[in-house]
Amino acid sequence: MTTTALPSAHIPAVRVSPWDRLTVVLLGALGFALSYDALRQMAAAIHVRGPLTYAFPLIIDGFIAYGVRALLVLREAPRPARAYA
């Protein structure tokens, strides 16, 4: 039986322009602003004291961000370690 090698796919180089970077930064900033406002309103709705409503979104989003970071760091780790994260 003979084997036939598949031709390698040509993947063109993609260049990221400054406009692409600016767009990602702006979308991220707008998303953060909307999320922050919604989480502050949620904190007020569940009767978190006034000054602490500012910290509530930072804590929620901070846990999410650190969880994503843990998954990225542990992507080569055994499955039980990844499942824990």
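Here the structure is a predicted model, which is why all the values come from computation and not from measurement.
- The closest donor-acceptor contact from the side chain of Y54 to the backbone of R40 lies at 3.5 Å or more, if one exists at all.
- When the side chains of ILVMFWY residues are joined at heavy-atom separations under 4.5 Å, either directly or via intervening members, L39 and L58 end up in two distinct hydrophobic clusters.
- V24 is not connected to F32 by any chain of hydrophobic side-chain contacts under 4.5 Å among Ile, Leu, Val, Met, Phe, Trp and Tyr, and they are in different clusters.
- The hydrophobic cluster containing V73 does not contain L71, counting ILVMFWY residues as joined when their side-chain heavy atoms lie under 4.5 angstrom apart, directly or transitively.
- Residues L30 and Y36 fall into different hydrophobic clusters, defined by Ile, Leu, Val, Met, Phe, Trp and Tyr side chains chained together at heavy-atom separations under 4.5 Å.
- For A44 against T53, the heavy-atom pair with the smallest separation is N-CG2, 4.0 Å.
- Both V48 and M42 are part of a single hydrophobic cluster, where members link through side-chain heavy atoms under 4.5 Å apart.
- Without hydrogens or angle criteria, T23 side chain to W19 main chain gives a donor-acceptor distance under 3.5 Å.
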